[in-house]
Amino acid sequence: MSPRDFVQLALYLLGVIALTPLLGAFMARIFQGKSTLLSPLLRPIERTIYRLGGVDEKREMRWTEYCLALLVFNAIGFAFVFLLQITQGWLPLNPAKLANVPAPLALNTAISFMTNTNWQAYSGESTMSYLTQMLGLTVQNFVSAATGIAVMLALTRGLVTRSGEALGNFWTDLTRSTLYVLLPLSLIFALVLVQQGVVQNFRAYDTATLVAPYQVQVQKLNPSGQPIKDAQGNPETEEQTVAEQIIPQGPAASQIAIKQLGTNGGGFFGVNSAHPFENPTPLTNFLEMLAILLIPAALTYTYGVMVGNRRQGWVLFAAMITLFLAGLAVAWWAEASHPSLEGKETRFGIFNSVLWATATTDASNGSVNAMHDSFSPLGGLVPMVNVMLGEVIFGGVGAGMYGILMFAILTVFIAGLMVGRTPEYLGKKIEAHEIRWAMVAVLLPCALILFGSAVAAVLPSALASLNNKGPHGLSEILYAFASAAGNNGSAFAGLSANTNFYNYALGLVMLLGRFGVIIPALAIAGSLARKKIAPLTAGTFPTDGTTFIALLISVILIVGALTFFPALCLGPLVEHFLMNQGRLF
Amino acid sequence: MSKQPAATFEKELILAAIRESFKKLDPRVQWRNPVMFVVLIGAALTTLALFREFSLFTVQITLWLWFTLLFANFAEAMAEGRGKAHADTLRKMRTKTMARRLRNGSEEQAVASELRRGDTVVCEAGDVIPADGDVIEGIASVDESAITGESAPVIRESGGDRSAVTGGTRVISDRIVVRVTSEPGQTFLDRMIAMVEGAERQKTPNEIALGILLVSLTALFILAVVTLPAFARYSENASGQSGAVNTSIPVLVSLLVCLIPTTIGGLLSAIGISGIDRLMRRNVLATSGRAVEAAGDIDVLLLDKTGTITLGNREAASFIPADGVDEHALATAAQLASLSDETPEGRSIVVLAKERFNLRPHDVAEKHAQFVPFTAQTRMSGVEIPALDGQPPLSLRKGASTEVRAWVEANGGIFPREIGIAVDEISRGGGTPLVVAEEKRVLGAIFLKDIVKGGIRERFAQLRKMGIRTVMITGDNPLTAAAIAAESGVDDFMAQATPEDKLTRIRKEQGEGRLVAMAGDGTNDAPALAQADVGLAMNTGTQAAREAGNMVDLESNPTKLIEIVEIGKQLLMTRGSLTTFSIANDVAKYFAILPAMFSALYVTSGHDGPLRALDIMRLHSPQSAILSAVIFNALIIVALIPLALKGVRYHALGAAAILQRNVLIYGVGGLVAPFVGIKLVDLILTTLHLA
């Protein structure tokens with residue numbers, strides 16, 4: 001690690017650590033309904049929204065009602081984005097004259113953006129009109145992040161309430177997190193990005209004539225978009241001369257700001273933040289990386305404030321940042337020992353590729369500035385494992401918090417038994433009901449990854465999507481399902497994902513991976529809300545110390561390791577050992 | 001309790017448990033324990049696989065899978081065995097006894113099992129009491145050794161707090177009339193038999209929660225193993241080596257059985273049963289496993305002062321003479337006045353006088369004294385000695401200060417101020433004052449002291465470390481109560497407490513989210529016993545109290561509440577520790593089995609299989625590696641049976657310290673132990689040429 005890399009890492013960590021309490025305290029005030037600097041400006045707007053929506057902001061909901069409101073809201077969002085895509089060809093703001101999106105891809109994309117995954121089986125510039133990007137995808141970037149925050153707030157209230165069943169009002173939580181947190185931050189960030197050179201316009205695509213035209217070998221495609229293969233099963237290619245370059249334009253900055261802040265990750269352009277119009281300068285690179293962790297990290301502090309014990313928040317932060325640094329260290333060690341720039345962020349260097357890859361997979365963001373499949377086997381293992389661990393190392397906005405709280409409940413249960421008491425978390429007893437739902441929340445994503453990958457590893461139509469053979473191909477499959485189940489959205493490039501199998505299979509996995517955790521989290525919130533708070537005694541296992549941090553990390557790692565070790569053996573691990581024997585894939 | 005010699009008892013127990021282990025292979029029994037049911041299915045599949053492919057390896061795997069099941073069954077059978085032996089002796093007492101039922105004033109014969117609640121029966125010396133009930137007339141000594149194991153007979157009498165009798169016990173002397181309080185089939189004896197046999201053993205809330213965790217993990221591992229052939233096929237195709245990965249049924253079942261938490265799954269019910277058994281061996285009977293578990297969660301202990309914190313009786317500690325009286329004279333008078341006082345306090349005065357001034361009771365007994373015995377009405381005892389040998393007659397009284405004052409003043413004397421002050425000071429110091437007087441002259445006061453039980457202070461300190469608060473309950477005035485509370489180290493006290501106060505206090509603590517335990521015996525304790533999360537009734541107490549509590553102490557020792565809390569905690573700790581151990585074990589098993597399965601993949605000439613690198617234990621061969629893991633997995637169950645039955649070592653420490661200790665032993669230990677164990681088994685197998 002060069003001194004420059006080291007300084008950059010130090011600045012990055014400092015930024016995350018310093019902004020956590022600042023933004024965290026601000027968000028806590030907002031979610032608790034207290035007034036802030038923004039209130040004079042935004043409170044009238046907030047009131048108007050409630051009046052128009054017929055929402056009584058004071059009325060609290062039981063968990064079932066909260067959950068129903070959330071599901072209905074998400075379903076409407078899904079339907080809207082789906083319809084927008086399949087009709088975009090007839091709608092305005094489409095200077096590139098892009099066609100209606102085919103239904104399987106539109107379905108996959110609608111699920112992907114509703115679930116905060118932003119898995120993209122398409123390239124934005126050649127598939128989505130400006131209208132779709134703005135009204136469909138960007139809007140979902142905001143509200144899917146707000147949905148995550150809402151679930152976390154409901155769970156937090158379940159932990160602290162003494163009053164019975166009230167978990168807050170979904171509509172209020174949704175409105176406040178969007179209006180007071182996501183919109184202002186995105187506005188500022190988008191302005192900075194525009195200043196640095198990110199495009200923000202409605203212009204038609206530019207065409208530039210190349211100074212030096214060149215020839216390329218291009219795969220032949222049949223009318224349905226599948227590669228045509230010769231008798232040996234290898235794709236047929238033809239030679240094409242490239243003399244012009246199309247330079248895409250569009251309202252990019254407004255979408256990129258929220259894609260980074262809301263842990264969405266869906267790029268405006270196909271190559272995401274490796275595109276100079278999405279990520280033009282070293283400064284934007286740094287700020288975009290910071291934006292990935294900003295809100296998820298700050299929410300740990302918000303949580304601490306809301307449960308009335310800041311240490312409880314810092315403890316979760318500590319567990320997260322420890323796992324973050326451990327992953328970063330392994331990935332950086334692996335890349336530094338096999339330095340290769342192929343597929344990396346050539347403008348900013350390997351270290352920035354590694355740091356971005358670690359942050360984006362920890363935080364369920366999924367935006368990339370390098371191709372993860374170009375990393376060395378162990379370097380690529382880190383992003384994959386980060387996602388497989390359940391997106392709890394900071395994780396998605398809100399989602400990381402309720403995700404890690406599921407692990408905290410499991411940790412407290414096992415540790416609590418070892419001290420000889422019915423386990424308690426923040427004074428609420430953890431019993432059969434909580435364990436049942438926590439196990440669903442923790443294990444369902446694991447099961448989806450294993451089962452989906454197993455099917456894709458033997459199904460001929462799925463295997464046709466692989467561009468790499470050997471263990472690397474298995475890694476691509478595992479990564480795709482992990483990314484969908486964890487609602488991350490990044491890809492281990494090299495997999496042709498726009499096929500019916502992957503569009504439907506990954507769509508289903510994203511859906512289950514999102515709501516298969518949200519519903520258990522809300523169910524737990526509901527049952528915890530009804531419980532009394534037992535006073536803290538010396539006999540209670542303390543959840544604000546280093547022992548808890550160590551145990552929480554162990555439980556996260558052990559669940560992940562025990563589930564995925566066999567599969568990882570046959571993917572990145574065997575690839576690593578083969579590389580040591582001199583064989584590459 | 002069984003009086004058989006321990007060795008033969010153990011031997012019989014083990015033999016019976018071995019027989020039971022085979023009976024428990026019944027799928028309907030295994031179904032109750034999903035983790036072991038998966039092992040059963042796996043063992044059955046492997047047995048079937050034997051018909052397709054018969055090899056030494058498959059035979060050994062199959063045998064060890066069945067052993068795994070048998071070992072788990074054996075653990076449960078061992079835990080149940082002790083209870084069963086106890087239940088058999090109890091059942092013998094339930095043989096048909098005839099009862100003498102009273103109907104309209106006349107006796108009639110009735111079969112005991114037909115007696116209903118509200119019937120009244122007569123029992124005379126030699127009769128077996130036919131059913132649970134309260135004595136409503138008479139007093140008798142009763143032999144309760146059959147249920148308590150205590151051979152000395154106990155007194156049962158109508159009214160008061162010693163009125164409960166238990167069906168199956170025998171009247172030794174006198175005659176009592178008993179009102180039956182239980183319906184047929186629901187007597188104390190029936191409940192006891194059901195409990196010790198574990199026949200109606202319901203899973204406790206915590207066991208259910210842990211069960212869910214184990215079942216979920218099992219489901220996950222099933223998925224991990226079931227998807228493995230798909231990944232293996234992919235890899236075989238990718239490396240162009242079809243058949244390089246052995247995914248035969250025996251190998252996959254071995255991997256699955258090693259991964260699922262069989263250690264805790266196999267020992268879970270044994271841990272639960274042995275917890276109740278540990279209570280029983282301390283002569284405490286819990287009416288449900290739930291109560292034992294709740295004991296581990298207790299935050300507040302309500303303890304009666306007398307008998308729990310202090311010895312039942314007060315003792316004379318010092319003599320405080322009035323002005324102008326010498327202490328020797330006071331001691332002599334006090335001893336004389338107490339000779340007729342048979343209460344323990346009275347006797348302690350005699351003893352103190354003897355210790356201080358070597359005064360002998362018989363010296364004075366010859367003086368033809370006429371004793372005035374202590375009664376609850378007069379609250380005084382004393383002596384009248386006629387004039388003899390030129391000595392003037394002597395009239396002495398000793399008793400509560402108000403009574404003695406009244407007596408002295410009636411005799412024309414006055415009560416000196418300094419004695420009044422001394423009496424107040426004694427009260428304030430936690431003692432009980434008595435005053436001694438001779439006709440109209442007050443001689444002085446006696447300081448009766450509550451004796452705090454030895455070691456109780458340390459006990460409370462331990463409880464405090466464990467986060468449990470102790471509250472002393474006493475009828476004493478606040479001054480006395482505070483002094484004793486300070487001396488014994490109790491956290492809080494309730495002075496001049498009525499049974500209603502107790503109930504209110506319990507409700508208040510529970511309202512604040514705490515769990516409360518208390519001990520009690522009287523009928524007026526019943527509501528509080530029922531309200532408490534753990535209510536320990538004394539066996540000598542009333543039937544109402546025994547019905548209200550969820551535990552009965554057959555030895556009627558309220559201090560046991562502390563031991564019960566410890567047993568409850570130990571039960572949960574054992575479960576948690578073995579769960580951690582079980583899960584931590586999986587890491588080593590992966591490192592044994594996966595390299596064995598995958599070592600032939602992607603092999604190129606001149607190189608080992610790349611995944612041989614994961615074989616960090618350097619096991620002999622793929623077959624010996626898999627076999628070693630399965631054998632280790634089976635043997636660890638046997639090795640941990642004693643731990644499951646005895647419970648993990650309990651230390652009175654704070655939660656953080658206990659956790660660190662157990663994580664170190666069972667977490668880190670569970671990670672390391674199987675690496676060593678599997679390697680050892682592999683070495684033995686290789687030496688014996690079994691793989």
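In what follows, every heavy atom counts, from backbone to side chain, and hydrogens, waters and symmetry copies are set aside. Per chain, numbering begins at 1; letters A, B, ... match sequence-line order.
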Side-chain heavy-atom pair [X], [Y] within 4.5 angstrom cut-off:
X        : Y        : answer
B:Leu217 : A:Val559 : no
B:Ile583 : A:Leu562 : yes
B:Phe221 : A:Thr563 : no
B:Gln660 : A:Thr547 : yes
B:Leu220 : A:Cys446 : yes
B:Val226 : A:Phe451 : no

What heavy-atom pair brings [X] and [Y] nearest, and what distance separates the two atoms?
X        : Y        : answer
B:Leu228 : A:Pro566 : CD1-CB, 3.6 Å
A:Ala454 : B:Ala230 : O-CB, 3.6 Å
A:Pro542 : B:Ala656 : CG-CB, 4.2 Å
A:Thr540 : B:Ala655 : O-CB, 3.3 Å
A:Ala432 : B:Ile212 : O-CD1, 3.6 Å

May I ask you to decide if [Y]'s main-chain N or O and [X]'s side chain share a donor-acceptor pair within less than 3.5 Å?
X        : Y        : value
B:Tyr602 : A:Val574 : no
B:Tyr234 : A:Leu474 : yes
B:Asp297 : A:Arg421 : no

Relative to chain A, which of [options] shows the most heavy atom pairs under 4.5 Å?
options                                : answer
B:Pro610, B:Gly576, B:Ser239, B:Gly211 : B:Pro610
B:Ile658, B:Leu611, B:Val225, B:Leu601 : B:Leu611
B:Ile208, B:Leu594, B:Thr579           : B:Leu594
B:Gly513, B:Pro229, B:Gly511           : B:Gly513

Stepwise side-chain contact (heavy atoms from CB on, under 4.5 Å) check, B:Leu213 with A:Leu410 = CA-CA 9 Å; B:Leu213 181 84; A:Leu410 286 189; 3.8 Å; yes

request  = Report yes or no: do B:Asn206 and A:Thr422 form a side-chain donor-acceptor pair below 3.5 Å?
outcome  = no

Heavy-atom distance under 4.5 Å to chain A: side chain of [X], backbone, both or neither?
X        : answer
B:Arg464 : backbone
B:Val663 : both
B:Leu255 : neither
B:Ser577 : both

Top contributor to chain B interface from [options] [non-hydrogen pairs under 4.5 Å]:
options                                : result
A:Met439, A:Glu424, A:Gln581, A:Lys532 : A:Gln581
A:His433, A:Lys429, A:Arg436           : A:Arg436
A:Ser453, A:Gly545, A:Gly427           : A:Ser453

Measuring from atom [atom1] of [X] to atom [atom2] of [Y], what distance do you get when rounded to the nearest 0.5 angstrom?
X        : Y        : atom1 : atom2 : result
A:Ile533 : B:Glu512 : CD1   : CD    : 12.5 Å
B:Ser216 : A:Leu443 : OG    : CG    : 6.0 Å
B:Phe231 : A:Leu450 : CZ    : CG    : 5.5 Å

Proximity breakdown for [X] and chain B, heavy-atom pairs closer than 4.5 Å:
X        : value
A:Phe564 : neither
A:Leu478 : side chain
A:Leu466 : side chain
A:Ala550 : neither

Contacts of residues 563-573 of chain B with chain A (heavy atom under 4.5 Å) = B:Lys569, B:Leu572, B:Met573

message = Under the side chain to side chain contact (heavy atoms under 4.5 Å, CB included) test against B:Thr580, which residue among A:Leu551, A:Ile558, A:Ile414 passes?
response = A:Ile414

B:Arg233 atom CZ: more than 12 heavy-atom contacts under 6.0 Å = yes

task = Report the C-alpha distance between B:Leu614 and A:Phe577 in whole Å, list the side-chain angles of each, state the deciding distance to 0.1 Å, and finish with yes or no for side-chain contact (heavy atoms from CB on, under 4.5 Å).
result = CA-CA 10 Å; B:Leu614 293 176; A:Phe577 292 124; 4.1 Å; yes

remark   = B:Asp533 meets the side chain to side chain donor-acceptor pair (under 3.5 Å) criterion, sequence neighbours left out, with B:Gln510

task = Please find out if less than 6.0 Å separates the ring center of B:Phe591 from that of A:Phe565.
result = yes

